[in-house]
*Asks:* 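My questions all concern the structure below.
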Amino acid sequence: MAGELFNLTIHEAAEKLRAKEVSSRELTQSVLDRITAVDDKVKAFVTVTAEQALARADEMDNLLAKGEATSPLAGIPINLKDVLSTKGVRTTCSSKILENFVPVYNATVAEKLQQAGTVLVGKTNMDEFAMGSSTENSGFFTTHNPWNLDTVPGGSSGGSSASVAAGMGFLSLGSDTGGSIRQPAALTGVVGLKPTYGRVSRYGLIAFASSLDQIGPFTRDVTDAALVMNTIAGYDRCDSTSINAPVPDYTRGLTGDIKGMRLALPKEYFVEGVEPGVEAAIRAAVTKFEELGATVEEVSMPHTKYALATYYIIAPSEASANLARYDGVKYGFSDKNAPNLIKGYFSTRDQGFGREVKRRIMIGTYALSSGYYDAFYLKAQKVRTLIKSDFDKVFETFDAIISPTSPTVAFKIGEKASDPLAMYLSDIFTIPANMAGTPGVSIPGGFSEGLPVGLQILGPALGEEKILQIAYAYEQATEWHKQRPPLN
Ligand code: GLN
């Protein structure tokens, strides 16, 4: 079944590599062929590094033959969201302002994956500077959902989610500031994990909102997510927010046993706006958890309703500060026709940034300005503490929280593009965990109207092991993760 190699999971492919049934070159070639066959429809990639990938695969085949490549990720073709710096490989953030930017160093996660022996096949499309929920805000083109090409793949990591769903990479790393790993994972029927804030180094991640950003994996199943976490988690002295705590073996909890676990179902996550098909799938998942021996109880997280408003003060504020560095002098695009320096700053940023990025910079600059700082940013930080206290309280007595990842399945391209507030609502159930700094995973949880539904499992800080354990038990008891989009 050489033609279907691209649809394997990492652990299946790794087994075949070890058994010498396939080579890394064959795996890589099958992914590259798949990209050639379907990416003109899906448009997941900003850059494909075909030649380098094949050379790298040969190098890995050599090491594998000598028994010198021991990581389960060795020889596996992967891709990275174009927000992650890759040495010598163009890194654009899907923005015109960084269209020709080639970093001189690797992000820590890129470096760790390289040391594990992965094969980089390309960089994936995203909402410009990770601002969006549909990948329609890319400065280059829109990515399409492999399940239905008229719909969005979610965002901002839509290229990453679509690539894994469509067989164009066994793993993609994305970033999640308000939901950008979990929401696109939900909309494309793959596994997406946002780790605890600080668990994975962000050195080399192009910053959006520094108190919220986290890097995490998109994979085709839970075991793969655990394997990737084993590689990318851990302390990094290059990231001052990195947590210095030992990294467990994340596969250890993948036993299928969750008997006696206590799961919380927050009533604030089942509100108006949740599609009936999504709610039905999550209610069915609750029954499944009970069959598996867990208890599920309704709880209240009363500050949930403030999360979205709080996020849209904090994230734009931090973005406005982070994006001040793009001035046409230090990085990327520069308007060389500007008559003087000041006009050059203006015209570079005017031409380089898209509409949503400008909107965020303006909101953020306003919220941070003298006289408004206390009323907006400081207030938002206080509300953020209340949102976090909701989580602290639930985790005193519960192992995890269960909810829909997104209130809807994938929506039509263009449907929300001109209505930022409707778009912002896509992340209503993912944003609270970013506020609290706690981990969350979205896993395939059924279908509605023929499109994937994401089941979200949220855990306490450094509780990745626990949520992966719960996710795995559910995955083993269901078949959703085995479905592949009908795309040829
Ligand atoms: N959709 C949210 C936003 O537009 C979250 C983005 C993200 O997590 N990067 O800001």
Side-chain angles (χ1 to χ4, degrees), residues 6-7 9-10 31 34-35 38-39 41-45 78-81 122 124-127 130 132-136 138 142-176 179-194 216-222 224-225 275 277-278 281 404-413 415-416 426-427 429-430 440-456 471 475 478-488:
F6 58 79
N7 262 336
T9 61
I10 295 174
V31 167
R34 182 70 172 165
I35 292 174
V38 301
D39 202 43
K41 291 177 253 189
V42 179
K43 294 180 166 295
F45 286 88
I78 65 151
N79 60 60
L80 300 171
K81 184 178 182 179
T124 55
N125 196 27
M126 53 186 280
D127 287 300
S133 305
S134 67
T135 317
E136 291 165 292
S138 165
T142 296
T143 299
H144 298 246
N145 190 322
W147 289 92
N148 176 343
L149 294 168
D150 297 330
T151 65
V152 303
S156 62
S157 317
S160 290
S161 68
S163 71
V164 172
M168 298 187 285
F170 292 74
L171 155 71
S172 188
L173 291 189
S175 62
D176 190 313
S180 283
I181 293 175
R182 290 160 289 156
Q183 185 259 13
L187 269 46
T188 57
V190 298
V191 174
L193 173 74
K194 180 198 93 74
F218 290 90
T219 54
R220 294 194 193 105
D221 73 5
V222 173
D224 283 2
E275 287 175 356
V278 170
T405 307
S406 157
T408 70
V409 292
F411 44 91
K412 285 254 153 63
I413 289 174
E415 190 181 315
K416 301 185 182 176
S426 305
D427 296 308
F429 301 143
T430 48
V441 65
S442 180
I443 59 172
F447 286 84
S448 168
E449 297 160 38
L451 291 166
V453 173
L455 167 65
Q456 181 172 238
E475 184 184 82
T478 53
E479 298 281 314
W480 314 122
H481 65 290
K482 294 188 181 151
Q483 311 279 326
R484 299 283 181 266
L487 187 70
N488 279 305

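The model shown is predicted, which means the values in this text are computed figures rather than measured ones. One-based numbering along the sequence shown.
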*Asks:* Taking the side chain as every heavy atom from C-beta outward, state whether Ile413 and Asp150 have any atom pair closer than 4.5 Å.
*Replies:*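 A side-chain contact is absent here, since even the closest heavy-atom pair is not under 4.5 Å.
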
*Asks:* From Leu80 CG over to Ser175 OG, what is the distance, rounded to the nearest 0.5 angstrom?
*Replies:*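 Output value for this atom pair is 11.0 Å.
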
*Asks:* If you compare all heavy atoms of Asn79 against all heavy atoms of Met168, which two are closest, and at what distance to 0.1 Å?
*Replies:*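 Closest heavy-atom pair between Asn79 and Met168: ND2-O, 3.1 Å.
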
*Asks:* Check whether Glu475 reaches the backbone of His481 with its side chain - one donor and one acceptor, N or O, closer than 3.5 Å.
*Replies:*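 Checking the backbone N and O of His481 against the side chain of Glu475, no donor-acceptor pair under 3.5 Å is found.
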
*Asks:* May I ask you to test the Pro444-Val191 pair for a side-chain heavy-atom distance under 4.5 Å?
*Replies:*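 The answer is yes, as the side chains (C-beta and beyond) meet within the 4.5 Å cut-off.
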
*Asks:* Rounded to the nearest 0.5 Å, how far apart are CD1 of Ile181 and CG of Leu173?
*Replies:*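 One gets 8.0 Å once the value is rounded to the nearest 0.5 Å.
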
*Asks:* Please give me the minimum heavy-atom distance between Phe411 and Ser426, naming the atom from each residue.
*Replies:*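 Taking Phe411 first and Ser426 second, the nearest heavy atoms are CE2-OG, 3.8 Å.
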
*Asks:* Is Asp176 reaching over with its side chain to a backbone N or O of Gly179, donor-acceptor style, under 3.5 angstrom?
*Replies:*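 A pair under 3.5 Å: yes.
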
*Asks:* Would you name the heavy atoms of Pro404 and Val278 that are closest together and state the gap between them?
*Replies:*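 So the minimum-distance heavy-atom pair works out to CB-CG1, 3.8 Å.
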
*Asks:* Is a side-chain N or O of Ser157 found less than 3.5 angstrom from the main chain of Ser180, in a donor-acceptor match?
*Replies:*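 Yes, Ser157 side chain to Ser180 backbone: donor-acceptor pair under 3.5 Å.
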
*Asks:* For a quick test of reading the model, state the closest non-hydrogen atom pair linking Phe218 to Pro184 and the distance between them.
*Replies:*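 It is CZ-CG, 4.0 Å.
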
*Asks:* Between Thr188 and Asn145, is there a side-chain donor-acceptor contact under 3.5 Å, judged purely by atom types and distance?
*Replies:*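 Asn145 vs Thr188: no donor-acceptor pair found between side chains.
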
*Asks:* Would Ser156 and Lys81 satisfy side chain to side chain donor-acceptor pair (under 3.5 Å), going step by step from the backbone distance to the final call?
*Replies:* CA-CA 9 Å; Ser156 62; Lys81 184 178 182 179; 2.8 Å; yes

*Asks:* Please determine whether side-chain contact (heavy atoms from CB on, under 4.5 Å) holds for the pair Leu149 and Val42, giving the CA-CA distance in whole Å, both sets of side-chain angles, and the decisive distance to 0.1 Å.
*Replies:* CA-CA 7 Å; Leu149 294 168; Val42 179; 4.2 Å; yes

*Asks:* Which heavy atom in Phe170 sits nearest to a heavy atom in Phe6, and how many Å separate them?
*Replies:*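 Smallest interatomic distance, heavy atoms only, reads CZ-CA, 4.1 Å.
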
*Asks:* Would you say the side-chain atoms of Ser442 and Thr405 include a donor-acceptor pair closer than 3.5 Å?
*Replies:*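 Short answer, yes.
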
*Asks:* Okay, side chain of Gln456, backbone of Thr430: is any donor-acceptor separation there less than 3.5 Å?
*Replies:*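 No, because the side chain of Gln456 does not come within donor-acceptor range (under 3.5 Å) of the backbone of Thr430.
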
*Asks:* Could you check whether any side-chain heavy atom of Ser163 comes within less than 4.5 Å of a side-chain heavy atom of Phe45, counting everything from C-beta outward?
*Replies:*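 Counting from C-beta outward, Ser163 and Phe45 do come under 4.5 Å.
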
*Asks:* For Trp147, run the side chain to side chain contact (heavy atoms under 4.5 Å, CB included) check against Leu487, Leu187, Leu451 and tell me which one passes.
*Replies:*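 Among Leu487, Leu187, Leu451, the one that satisfies the side chain to side chain contact (heavy atoms under 4.5 Å, CB included) with Trp147 is Leu451.
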
*Asks:* Of Asn125, Asp39, Thr124, which is the lone residue that meets side-chain hydrogen bond (donor to acceptor under 3.5 Å, both in side chains) with Thr143?
*Replies:*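 Checked Asn125, Asp39, Thr124 against Thr143; only one passes side-chain hydrogen bond (donor to acceptor under 3.5 Å, both in side chains): Asn125.
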
*Asks:* Give a yes or no on whether Lys412 atom NZ has more than 12 heavy-atom contacts from other residues, nucleotides or ligands under 6.0 Å away.
*Replies:*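 Atom NZ in Lys412 is not packed in, count stays at 12 or less.
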
*Asks:* Sub-3.5 Å donor-acceptor pair from the side chain of Thr219 to the main-chain atoms of Asp224, do we have one?
*Replies:*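 No, because the side chain of Thr219 does not come within donor-acceptor range (under 3.5 Å) of the backbone of Asp224.
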
*Asks:* Can you name the residues that form a side-chain hydrogen bond (donor to acceptor under 3.5 Å, both in side chains) with Glu136, not counting sequence neighbours?
*Replies:*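 Testing Glu136 for side-chain hydrogen bond (donor to acceptor under 3.5 Å, both in side chains), a comparison that skips the adjacent residues, returns Ser134.
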
*Asks:* When you measure from the side chain of Arg182 to the backbone of Gly440, do you find a donor-acceptor pair of N or O atoms at a distance under 3.5 Å?
*Replies:*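 No, because the side chain of Arg182 does not come within donor-acceptor range (under 3.5 Å) of the backbone of Gly440.
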
*Asks:* Are any of the side-chain heavy atoms of Val409 and Val453 separated by less than 4.5 Å?
*Replies:*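 Touching, per the 4.5 Å side-chain cut-off.
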
*Asks:* I need the minimum non-hydrogen distance between Gly169 and Arg220, along with the two atoms involved.
*Replies:*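 Closest approach of Gly169 to Arg220, heavy atoms only: O-NH2, 2.7 Å.
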
